[in-house]
Amino acid sequence: MRNYLPLTLIACLVATISCNKNKPKPNTEWERDNQNPVLRDYYSGEDYQSASDGHVFYVDNELYMIYSGDAGGVSSIKLARGNSLTDWEILGPILSEPNSENTDISKETSFYRKADNGKHQIYYIGYTDGSTYQSQIFLAEADSIDGVYSQIPTPVVPRGEIAGKNVYLITSPSVVEHDGLLYMMFIGWNNSPENVSEVWMMGATSNDDGYTWSDFQIVNTPIGMEGQVTKTPDGKFVAVSTGDYKGDEALYYATSNHPFGPYETSDNPIITKNGSGLEKDEIIAPQITFDKTTGEEYLYYTGADHQQGWWMMLAKRK
């Protein structure tokens, strides 16, 4: 994470499909929570912080977050329990060991779903070498939310030719259900973060509870860079993303009746990077969560100061 996340904006600026350029003014309907950051974590034995790519969700009435963090010096998937939307207890790593084929040593950008068969599923990207970052989408599952998770050895979405594009690496899977079918959205990159010149928003479908995927296609779901899709309480879909705002980073919001779009987008970002200590260098990896009791919308995202690390931030509609 420490070497990868600062490159997100680089990819955004060269990928016009996923960026929002020079929009007129920020949206004023959202405000940051005064308890930010709502979750901090640390590299093993260091003061450097490592908590990013959060996905917040409910299991029955319990609130949880999975996020990218450090376990023994390796980027891993960690679990936290929410006493409230702002109060989080870190439970520890749930996906940290490599799978049996050693193809997913480092793990990031995870997404949770409860499968129809009762399994707790986590989709995530995994890669063996942080310098080449040839990430693919993997699936792990368990009988309980805190594991032990069984990792499927081979990627459910491998890098390579996808929807007619030569995909060097993959990031940011989201998996949602619509009309009895599973839809996955993810981002394909044409090269490593240092050399990327194009990214694509991609989609696929599954009719076997997410174990196999087909019908790969280019989609209009606005999740680049490093955003997620959330199904709303009324069955619609919200996509949030990091984009450009007057040469700096901002978070954008879009809605649709279908996971693959078309999406209704706003010209204005909902949050712009404020340049403070908590957002000195980045605001990335946004996700919308709906309060199960009130239905209110909450925006979780990652803030960063590269000298200090990354942490989980929260905003909500006024």
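Computed from a predicted structure; not experimentally measured.
The 12-atom threshold is exceeded at CD of Glu177, counting heavy atoms of other residues, nucleotides or ligands nearer than 6.0 Å. Applying the 6.0 Å contact sphere to CG of Asn61 captures no more than 12 heavy atoms from other residues, nucleotides or ligands. Enclosure of atom CD in Gln307 is not indicated, since only 12 or fewer non-hydrogen atoms of other residues, nucleotides or ligands lie within 6.0 angstrom. By the 6.0 Å contact criterion, NZ on Lys231 is enclosed, its count of non-hydrogen atoms from other residues, nucleotides or ligands being greater than 12. Within 6.0 Å of CD on Glu264 lie no more than 12 heavy atoms contributed by other residues, nucleotides or ligands. Within a 6.0 Å radius of CG in Asp143, other residues, nucleotides and ligands contribute 12 heavy atoms or fewer. Under a cut-off of 6.0 angstrom, the local environment of CG in Asp208 is crowded, with over 12 non-hydrogen atoms contributed by other residues, nucleotides or ligands.
For the pair Trp30 and Leu299, the minimum side-chain heavy-atom distance is below 4.5 Å. Contact annotation: the side chain of Asp41 never approaches that of Ser50 to less than 4.5 Å [non-hydrogen atoms, C-beta and beyond]. Thr232 places a side-chain heavy atom less than 4.5 Å from the side chain of Phe290. Leu182 is listed as a side-chain neighbour of Val175, based on a closest heavy-atom distance under 4.5 Å. Between Thr205 and Ser214 there is a side-chain heavy-atom pair separated by less than 4.5 Å. A 4.5 Å side-chain heavy-atom check between Asn190 and Val196 finds at least one atom pair inside the cut-off. In this structure the side chain of Asn36 never reaches within 4.5 angstrom of the side chain of Thr86, judged on heavy atoms. Counting only heavy atoms from C-beta outward, the side chains of Val229 and Val238 never approach each other to under 4.5 Å.
Using modelled atom types, one finds no donor on one side chain facing an acceptor on the other under 3.5 Å when comparing Tyr252 with Asn268. Residues Glu108 and Tyr127 bring a donor and an acceptor atom of their side chains to less than 3.5 Å of each other. Under the 3.5 Å distance criterion, with hydrogens and angles disregarded, a donor-acceptor pair is assigned to the side chains of Ser172 and Glu226. Defined by atom type and a distance below 3.5 Å, a donor-acceptor pair is present between the side-chain atoms of Thr289 and Gln287. A side-chain donor from one of Trp189 and Thr171 sits under 3.5 Å from a side-chain acceptor of the other. Of the N and O atoms on the side chains of Tyr298 and Asp33, not one donor lies less than 3.5 Å from an acceptor on the other residue. A donor and an acceptor atom, one from each side chain of Thr154 and Glu101, are nowhere located under 3.5 Å apart. Side chains of Asn117 and Tyr211: a donor-acceptor N/O pair is present below 3.5 angstrom, by distance only.
The aromatic rings of Trp213 and Tyr123 sit perpendicular to each other, their planes meeting at more than 60°, with 30° as the lower class boundary.
Of the possible polar contacts, none joining the Lys165 side chain to the Gly188 backbone as a donor-acceptor pair under 3.5 Å is found. Using a distance-only test at 3.5 Å, with no hydrogens or angles considered, no donor-acceptor pair links the side chain of Glu161 to the main chain of Asn166. Between the side chain of Lys292 and the main chain of Asp60, a donor-acceptor pair closer than 3.5 Å is present.
Linking ILVMFWY residues whenever their side-chain heavy atoms come closer than 4.5 Å, directly or via other members, leaves Phe57 and Phe237 in distinct clusters. Both Phe186 and Tyr133 sit in one connected hydrophobic cluster of ILVMFWY residues. Membership requires side-chain heavy atoms under 4.5 Å apart, directly or through other members. Hydrophobic clustering, with ILVMFWY side chains joined whenever heavy atoms are under 4.5 angstrom apart, groups Ile223 together with Val167.
Taken to the nearest 0.5 Å, the NZ atom of Lys107 stands 7.0 Å off from the CG atom of Asn99. Rounding to the nearest 0.5 angstrom, the gap separating the OG1 atom in Thr302 from the CD1 atom in Ile283 is 10.5 Å. A distance of 5.0 Å separates CG of Leu63 from OH of Tyr58, quoted to the nearest 0.5 Å. For the atom pair Trp310 CH2 and Arg40 CZ, the distance stands at 14.0 Å (nearest 0.5 Å).
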*After noting the C-alpha distance and the side-chain angles of Glu279 and Tyr301, does the key distance pass the side-chain hydrogen bond (donor to acceptor under 3.5 Å, both in side chains) rule?*
CA-CA 11 Å; Glu279 300 179 6; Tyr301 63 98; 2.6 Å; yes
*Apply the test side-chain contact (heavy atoms from CB on, under 4.5 Å) to residues Trp88 and Asn83: give CA-CA distance (whole Å), side-chain angles for both, the deciding distance (0.1 Å), then the verdict.*
CA-CA 6 Å; Trp88 294 90; Asn83 299 313; over 6 Å; no
_Test ring pair (Phe, Tyr, Trp, His ring centres under 6.0 Å) applied to His258 and Tyr183, step by step_ = CA-CA 10 Å; His258 191 280; Tyr183 290 80; 4.9 Å; yes
*Audit row: Asp53, Tyr300, side-chain hydrogen bond (donor to acceptor under 3.5 Å, both in side chains) steps and yes/no*: CA-CA 9 Å; Asp53 309 329; Tyr300 288 89; over 6 Å; no
*asked:* side-chain contact (heavy atoms from CB on, under 4.5 Å), that's the test. Do Lys114 and His120 meet it? Break it down for me.
replied: CA-CA 5 Å; Lys114 182 73 172 290; His120 299 267; 3.8 Å; yes
*Could you go through the side-chain contact (heavy atoms from CB on, under 4.5 Å) check for Tyr168 and Arg159 one step at a time?*
CA-CA 6 Å; Tyr168 178 90; Arg159 57 188 291 272; 3.7 Å; yes
*In sequence, state the C-alpha distance, the side-chain angles, and the governing distance for Tyr64 and His55, and then conclude on ring pair (Phe, Tyr, Trp, His ring centres under 6.0 Å).*
CA-CA 8 Å; Tyr64 291 94; His55 180 213; over 10 Å; no
*Candidate pair Met202 and Gln217, rule side-chain contact (heavy atoms from CB on, under 4.5 Å), full reasoning*: CA-CA 6 Å; Met202 294 183 156; Gln217 57 189 281; over 6 Å; no
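Comment: Arg113 engages Asp209 in a salt bridge, judged by a side-chain N to carboxylate O separation of less than 4.0 angstrom. Taking the charged nitrogens against the carboxylate oxygens, Lys273 and Glu282 have no contact shorter than 4.0 Å, which rules out a salt bridge.
Cation-pi geometry between Arg317 and Tyr253 is met: the NZ or CZ atom falls under 6.0 Å from the ring centre, inside 45° of the normal.
Tested against Ser76 for a side-chain contact (heavy atoms from CB on, under 4.5 Å), the candidates Ser68, Ser96, Ser110, Ser106 yield a single pass: Ser96. Shown are Ile66, Ile77, Asp104, Leu79; of these, the side-chain contact (heavy atoms from CB on, under 4.5 Å) with Leu95 is made only by Ile77.
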